Amino acid sequence: MAEQPRIEASAEGPGRYRIAPTGDMRVPGVVFATEDPLPQAAGDQALAQVVNVAALPGIVGASYAMPDVHWGYGFPIGGVAATDVEAGGVVSPGGVGFDISCGVRLLAARCDRAELAPRLPAVMDSLGARIPRGAGRGAVWELSDSRLDRVLAEGARHAVDSGHGVARDLARCEDGGALTGAAAGGEVGRRARERGLGQLGSLGSGNHFLEVQEVDEVYDEAAAEAMGVRAGQVCVMIHCGSRGLGHQICTDHVRTMDRAMRRYGVRVADRQLAAVPVTSPEGEAYLRAMAAAANYARANRQLLSEAARRAFTGELGTERGGLDLVYDISHNVASLETHRVDGAPRRLCVHRKGATRALPPGHRDLPPELAEVGQPVLIPGTMGTASYLLTGVEGGGAWHSACHGAGRVRSRHGAAREIGGGRLRADLESRGIAVRGTTARGLAEEAPTAYKDIDAVVAATESAGLARRVARLVPLGVVKG
DNA sequence: ATGTAC
């Protein structure tokens, strides 16, 4: 176990802690938190990982940690790191995570809680029957090889073009629903493709979910209205990623980089930080494969949205059951962005792993209808707890990034030992939250006690000036992966 | 997160 690094309050403002550069660190560590900046889990090495990331070739600014930071593979989950592409900056699959483009989508229903209430059990049953979940195969849309190619290249756009959604959906997806520059060749290996064929339109497992929610509180009426949500409204939130395809791509490219690193003279503090220069053939190949997996994840959330729409319209009719996309955003991805560094614009490879992009009002990457309010930032809560809709703010730190969720503080095993799934289900149902899917063990592993308090994480994110609250959502029903 | 171990 590495020694816990020294961390101190930052002079740059409230809600910030700093790890001064020592040893091989090229930049400081910056941890955003209101109090107790140390991750709570016993043996959690997240801060040591913040230090390791600070030593990556080409890193600029700082090695950042969001308020929900916890221990991950190589990089901490809740970590943000940018490298200077033209100054030998590296790209690392560990800085994106195994679940490439894991993310969240929020849809707004055309009804309120009271209108839905009599039909909620039937809607939940229909969702339970329509939403593939759990490990392994199961898909809303079984793909042929050529269809998979289109999904990898065009993401949610191909799903919509094929009748799975409406054109307006794409305007409300980050990057218009498709990252450009996705792999056209062997960067996505045969095993990754095989795993992807049978999983498009599926939740997966762990903390992934589809929830029916109610808008519990609105903090900014104007922003909420621009985004298409209002108090009392029913919403659907989907949290999932690129399933086995993204996992296999990460595995394959970590192995390739682990072998290639020496050739580029890249030395890292932890083998799990395997990295190569962004401009190297291996770096470019990873970014193309990552984009393909990101497109798969976006199409995955699009297909699940369609399944949810069928469940809602089936029970509520085509008018009341309509689901309008609020936004779709990833929290596990690297992107090439231009930012000012020491006063000059630089091309950066920004790794966000368990961190959400949070563009401020007026940013040119926003669609016109969101230009005034900023980028919607979707923060999924833990089962049975609140979720949040935030928006990016001017001057947001960490290259315009925010948190991504509550952040685990107890292992799956530890969580399951603490509370039985049966009791948890009874607790949820006694609070009027319908649960469909998963096993007792699956429920117990995701117990709210295994996570930080989402309200506190979001408050810390806001007070650190990373993003601000637009609305809070609470669950009415959950379909667990 | 993950055909929860190559």
Side-chain angles (χ1 to χ4, degrees), chain A residues 41 44 46 49 68-79 92-105 132-139 142-143 188-200 202-210 238-256 258-259 271-272 289-290 293-294 296-298 300-301 304 329-334 351-356 380 382-383 403-417 421 437-446 450-451 480-481:
Chain A
D44 191 301
Q49 293 186 318
D68 50 338
V69 69
H70 57 114
W71 198 0
Y73 179 90
F75 283 60
I77 296 163
S92 173
V96 170
F98 276 85
D99 192 1
I100 295 168
S101 207
C102 181
V104 187
R105 168 177 284 229
R133 55 191 180 266
R137 293 178 68 87
E142 290 273 349
L143 301 173
V188 178
R190 198 168 57 84
R191 287 177 82 191
R193 292 180 61 96
E194 282 169 2
R195 294 178 73 173
L197 285 173
Q199 296 185 322
L200 192 70
S202 65
L203 278 181
S205 59
N207 65 354
H208 289 169
F209 64 73
L210 182 151
I238 297 167
H239 177 206
C240 65
S242 52
R243 307 288 282 103
L245 179 134
H247 190 280
Q248 192 66 50
I249 285 171
C250 182
T251 301
D252 293 347
H253 286 259
V254 164
R255 182 178 298 137
T256 303
D258 185 60
R259 291 173 184 154
R271 225 174 145 178
Q272 293 183 353
M290 184 210 72
Y296 185 93
R298 287 134 198 253
N300 189 25
R301 292 192 286 274
L304 289 170
I329 194 165
S330 169
H331 50 233
N332 274 7
V333 80
H351 301 74
R352 292 187 183 86
K353 179 189 193 178
T356 316
T382 306
M383 187 171 56
C403 63
H404 88 301
R408 189 175 271 279
V409 290
R410 204 178 308 284
S411 71
R412 288 182 178 154
H413 182 72
R417 197 170 40 200
T438 199
T439 57
R441 170 81 191 195
L443 277 182
E445 288 179 351
E446 295 302 317
Y451 288 85
K480 279 301 294 178

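Every value quoted in this text rests on a predicted model; they were computed, and no experiment measured them. Each chain gets a letter, A, B and so on, in the order its sequence line appears, and its residues count up from 1.
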Taking any heavy-atom pair under 4.0 Å as a contact, classify [X]: base, sugar-phosphate, or nothing.
| X | answer |
| --- | --- |
| A:Gly204 | sugar-phosphate |
| A:Gln199 | sugar-phosphate |
| A:Gly97 | nothing |
| A:Arg137 | nothing |
| A:Gly136 | sugar-phosphate |

d([atom1], [X]; [atom2], [N]) in whole Å:
| X | N | atom1 | atom2 | value |
| --- | --- | --- | --- | --- |
| A:Arg441 | B:dT4 | CZ | P | 15 Å |
| A:His247 | B:dT4 | NE2 | C1' | 9 Å |
| A:Tyr73 | B:dT4 | OH | C1' | 16 Å |
| A:Ile249 | B:dT2 | CD1 | P | 14 Å |
| A:Arg255 | B:dA5 | CZ | C1' | 13 Å |
| A:Arg408 | B:dT2 | CZ | P | 13 Å |
| A:Asn300 | B:dT2 | CG | P | 10 Å |
| A:Arg133 | B:dT2 | CZ | P | 14 Å |

Expected output: side-chain A:Asp99 to main-chain A:His247 donor-acceptor under 3.5 Å: no

Test side chain to side chain contact (heavy atoms under 4.5 Å, CB included) applied to A:Asp68 - qualifying residues, sequence neighbours left out: A:Met66, A:Cys403, A:His404, A:Val457

Note: A:Arg410-A:Glu445 ion pair, threshold 4.0 Å (strictly below): no

B:dT2 phosphate, OP1 or OP2, under 4.0 Å from A:Arg243 side-chain N/O: yes

Phosphate contact (B:dT2 OP1 or OP2) by A:Ser205 side-chain N/O below 4.0 Å: yes

First of A:Glu445 and A:His208 reached from the 5' end of DNA chain B, by closest nucleotide: A:His208

With A:Phe75 via ring pair (Phe, Tyr, Trp, His ring centres under 6.0 Å) - residues at least two apart: A:His351

Side chains of A:Val96 and A:Lys353 in contact at under 4.5 Å (non-hydrogen atoms): no

